[in-house]
Enquirer: 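Dumping the structure here so I can ask a few things about it.
Computed over heavy atoms, backbone and side chain alike; hydrogens, waters and symmetry mates excluded. Lettering follows sequence order; numbering is per chain, from 1.
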There are 2 protein chains.
Amino acid sequence: MNPIGPAVKRPATLDDVAAIAGVSAKTVSRVVNRDVNVSAATRERIEAAIRETGYRVNQAARSLAASRSFLIGAFMPHLSSFYFAEIFRGAAKACRQYGYHLVLEEFDHGADSVVDRYEQGLRGAHCDALILTPPVCDDEKLLDALDRDGLPYVRIAPGKQLGRSVAVGADERRAVEQLVRHLWDAGRRRFAIIAGPADHAAAMVRERAFCDALGALGGDPAGVALTRIELNESIAEAGRIATLDLLRGSNPLPDAIFAFNDEVAIGAMAAIRELGRSVPEDIAVAGFDDSYIAQLVWPPLTTIHQPIADLAFQAVRLVADPEGFSTGNILLPTRLVVRGTT
Amino acid sequence: MNPIGPAVKRPATLDDVAAIAGVSAKTVSRVVNRDVNVSAATRERIEAAIRETGYRVNQAARSLAASRSFLIGAFMPHLSSFYFAEIFRGAAKACRQYGYHLVLEEFDHGADSVVDRYEQGLRGAHCDALILTPPVCDDEKLLDALDRDGLPYVRIAPGKQLGRSVAVGADERRAVEQLVRHLWDAGRRRFAIIAGPADHAAAMVRERAFCDALGALGGDPAGVALTRIELNESIAEAGRIATLDLLRGSNPLPDAIFAFNDEVAIGAMAAIRELGRSVPEDIAVAGFDDSYIAQLVWPPLTTIHQPIADLAFQAVRLVADPEGFSTGNILLPTRLVVRGTT
DNA sequence: TTTTTCATTGTCAGCGCTGACATAATTAGA
DNA sequence: TCTAATTATGTCAGCGCTGACAATGAAAAA
């Protein structure tokens, strides 16, 4: 293996392929880019030459000439490694399908300013488009900066300024209504929400949906106790601490907790256990995301499933597929998954 | 927001900055690239012009001219979203620090051939270097392909052909020895290993280390029951199924299980619970990685901590830092974290 | 047949930058 | 003082590709 430096073997170029196939470089370019107007015979000869040389398009040259980078950027907030991994999985799949590459920018929620991260990081990558997840998808300063630079973006699950861009979302409201009804029917009456960070607008929409649904059933939305987690190293730990605080200050204790996500819910379960209470007998717990750990903790966690990877896939498709932008917003289904904690 | 297409505003170029600062484009380039031979006065004027224009280097042009892409590639196997997220976090931090960008290639362990993924995906990105995690870091065909293309790479925790490349690893053997001693001292005598995929060489080294350490204590390495997980949608689920199989075929039951990673360990705990046994009374369980969920399950999981993010950081540093390659291999510390399951 | 159309292929400038090299300005040394 | 070494800046080709446009040839229409 070699240190970074001049490539050991000069990769084949369009000209190399063209010389072998006996055509012009431009015609090879046409084949590579799937241009229609190339005769079958020529195409075959060129494809053979491409195989022979192992030719791969030089993205830098292509980008420079076409003034496109074929890069799609994304911020990766550290709210949940499951959410993060799923987003990546869906986005990567779509990128592969549409001939793009993913550029990821780390974003340490709380410590960094997204706009700074954009200015100092992603902006320099000259992406063709960005996909934005919560909470950065609702950061107005960031959106302003992107609009200023004329950089297209798709938002995943935005909670504010819904008309501002094309967006891909999940029907969170519906599943939250199902959850509230499920808890209500089980006789739960004293609700608490362990909420996510205040700038996570989608989560706040869920909180509102929770209260609305409760009101519709004759419950008291104003009586719902709400604590917001303080972000720290581990979000589950943050959930545990927030729940501890909430429970210590509650009399009577709530009998149902709706957590920001599964990790927070698991932290909440740890807190309940610490205070000598049991789930679901004393307190029911519900999470959000249906991450794989929801099935593995004990008792298995009731949660709301949303198609995270598909959300990201669709987001990339919107920008990468030439026909994508005409599609308009996309709303994917969610569903309540009842397990042992409720 | 705009569909992908011609940029709305033409970004400033070196020439634009040069014109404002009254110097040549080359001198601006020198400032941008932190070349030393630029007078302070000139540098200041140019920096002001850069601020004024909002100039950002065009990576495509820079890449083309310098024949470097400033991209570092990585495969992202779906073995553990925690591991994945940590690797990413460390690598992204280092990339930021050294002026590189990360390109991630999805790799669906089991379904895909890594070499295909490389040929069809990452190779086209023309990365300057790759960082390889298990299990792909031990894929000889991939390494052959990389060597053939003269593409530098750093391996993280390789388990085979250790001399073949620069590598960053964790001292897994030492922590495994501590674990075995810990289990032995607690009176455990019937051991089982829920092992990872067969191509994960680093994990196999751990298995061997486990048996060696057992032998050193006077135990019977040959008596260690070993099952390998079958990869499926969820690795924890794979761990649960493998453990179920193992326990159903065991008489007497093992009294200690060492799992491939924390997620598998959690699956194992679920299986033990399903069979009506308890952790740690009947069976002790230990994982690997010290992921955040290890602290949240009940009982909290005994596991081996390894600095995953730092591993990736160092790997990127080796290729990105001009002085990196002279550093040679790097071995980072691990430690046994004893919690409630043992 | 001649003209028009259209599918196919070619030509060439130039995207924005950097490496190699040349030159000018300054400083150190003799 | 003058020359040599050093520092600061400039010139320019060309990285590999694509967009705009031109040219060619063959089929369709007149």
Enquirer: Is the backbone N or O of A/Ile72 less than 3.5 Å from a side-chain atom of A/Asp128, with the two atoms forming a donor-acceptor pair by type?
Expert: no

Enquirer: Between C/dT9, D/dC15, D/dA8, spot the one nearest the side chain of B/Asn37, thanks.
Expert: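 Selected nucleotide (nearest to the side chain): D/dA8.
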
Enquirer: Examine C/dT18: is either OP1 or OP2 under 4.0 Å from a nitrogen or oxygen in the side chain of B/Ser29? Give yes or no.
Expert: yes

Enquirer: Could you state the atom-to-atom distance from CZ of B/Arg34 to C1' of C/dT18 in whole Å?
Expert: 17 Å

Enquirer: Counting heavy atoms from C-beta on, name the nucleotide in C/dT8, D/dG16, D/dT18 closest to the side chain of B/Leu64.
Expert: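 Among the listed nucleotides, the one closest to the side chain of B/Leu64 is D/dG16.
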
Enquirer: Measure CG/B/Asp128 against C1'/C/dT18 and give the value in whole Å, please.
Expert: 15 Å

Enquirer: Below the 4.0 Å mark, does D/dG16 have OP1 or OP2 next to a side-chain nitrogen or oxygen of A/Arg62?
Expert: no

Enquirer: Just do the side chain to side chain contact (heavy atoms under 4.5 Å, CB included) check on B/Val154 and B/Leu132 with the steps written out, would you?
Expert: CA-CA 6 Å; B/Val154 175; B/Leu132 304 176; over 6 Å; no

Enquirer: Side chain of B/Ala66: nearest nucleotide among C/dT8, C/dG14, C/dT18?
Expert: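 Given the options C/dT8, C/dG14, C/dT18, the side chain of B/Ala66 is closest to C/dT18.
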
Enquirer: To the nearest Å, how far apart are B/Leu14 CG and D/dG10 C1'?
Expert: 14 Å

Enquirer: Using the rule side-chain contact (heavy atoms from CB on, under 4.5 Å), only one of B/Leu311, B/Val316, B/Asp310 pairs with B/Phe313; which is it?
Expert: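 The residue from B/Leu311, B/Val316, B/Asp310 that satisfies side-chain contact (heavy atoms from CB on, under 4.5 Å) with B/Phe313 turns out to be B/Asp310.
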
Enquirer: Establish, with yes or no, whether the OP1 or OP2 oxygen of D/dG10 is under 4.0 angstrom from a side-chain nitrogen or oxygen of B/Ser24.
Expert: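 Yes, within the criterion.
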
Enquirer: Select base, sugar-phosphate, or nothing to describe what A/Thr42 touches, counting heavy atoms under 4.0 Å on all strands.
Expert: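 Sugar-phosphate, no base atom in range.
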
Enquirer: Go through C/dG10, C/dC15, C/dG16 for me and flag the one nearest to the B/Ala61 side chain.
Expert: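 Nearest to the side chain of B/Ala61 among the choices is C/dG16.
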
Enquirer: Tell me the interatomic distance from A/Asp35, atom CG, to D/dG19, atom P, rounded to whole angstroms.
Expert: 9 Å

Enquirer: Both A/Gln59 and B/Arg43 contact DNA chain D. Which one's nearest nucleotide lies toward the 5' end?
Expert: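 The 5'-side residue here is B/Arg43.
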
Enquirer: How close or far is atom P of C/dA7 from atom CZ of A/Arg30, stated in whole angstroms?
Expert: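 It works out to 13 Å between those atoms.
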
Enquirer: Starting at atom NE2 of B/His126, determine the distance to atom C1' of D/dC15, rounded to an integer number of angstrom.
Expert: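 Those two atoms, NE2 and C1', are 13 Å apart.
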
Enquirer: Do A/Arg117's NZ or CZ and the ring of A/Phe75 fall within the cation-pi criteria of under 6.0 Å and 45°?
Expert: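 No, cation not above the ring by the 6.0 Å, 45° rule.
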
Enquirer: Go through D/dC15, D/dG10, D/dC17 for me and flag the one nearest to the A/Asn58 side chain.
Expert: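 Minimum distance to the A/Asn58 side chain belongs to D/dC17.
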
Enquirer: May I ask you to say whether A/Glu119 pairs ionically with A/Arg148, meaning some side-chain N is under 4.0 Å from a carboxylate O?
Expert: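 A/Arg148 and A/Glu119: salt-bridged.
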
Enquirer: Please give, in whole Å, the distance from C/dA20 P to B/Lys26 NZ?
Expert: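 Taking atom P of C/dA20 as the reference, NZ of B/Lys26 is at 9 Å.
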
Enquirer: Counting only side-chain N and O atoms of A/Ser39, is one of them less than 4.0 Å from OP1 or OP2 of C/dT9?
Expert: yes

Enquirer: DNA chain D: B/Ala65 or B/Ala25, which has the more 5' nearest nucleotide?
Expert: B/Ala25

Enquirer: Under a 4.0 Å N-O cut-off, is there an ion pair linking A/Asp144 with A/Arg164?
Expert: yes

Enquirer: So does B/Thr13 get a side-chain nitrogen or oxygen closer than 4.0 Å to the phosphate oxygens (OP1/OP2) of C/dC15?
Expert: no

Enquirer: Between B/Arg68 (CZ) and D/dG14 (P), how many Å, whole number?
Expert: 22 Å

Enquirer: Check whether any side-chain nitrogen or oxygen of B/Thr27 sits under 4.0 Å from OP1 or OP2 of D/dG10, and answer yes or no.
Expert: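 The answer is yes; a side-chain N or O of B/Thr27 sits under 4.0 Å from OP1 or OP2.
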
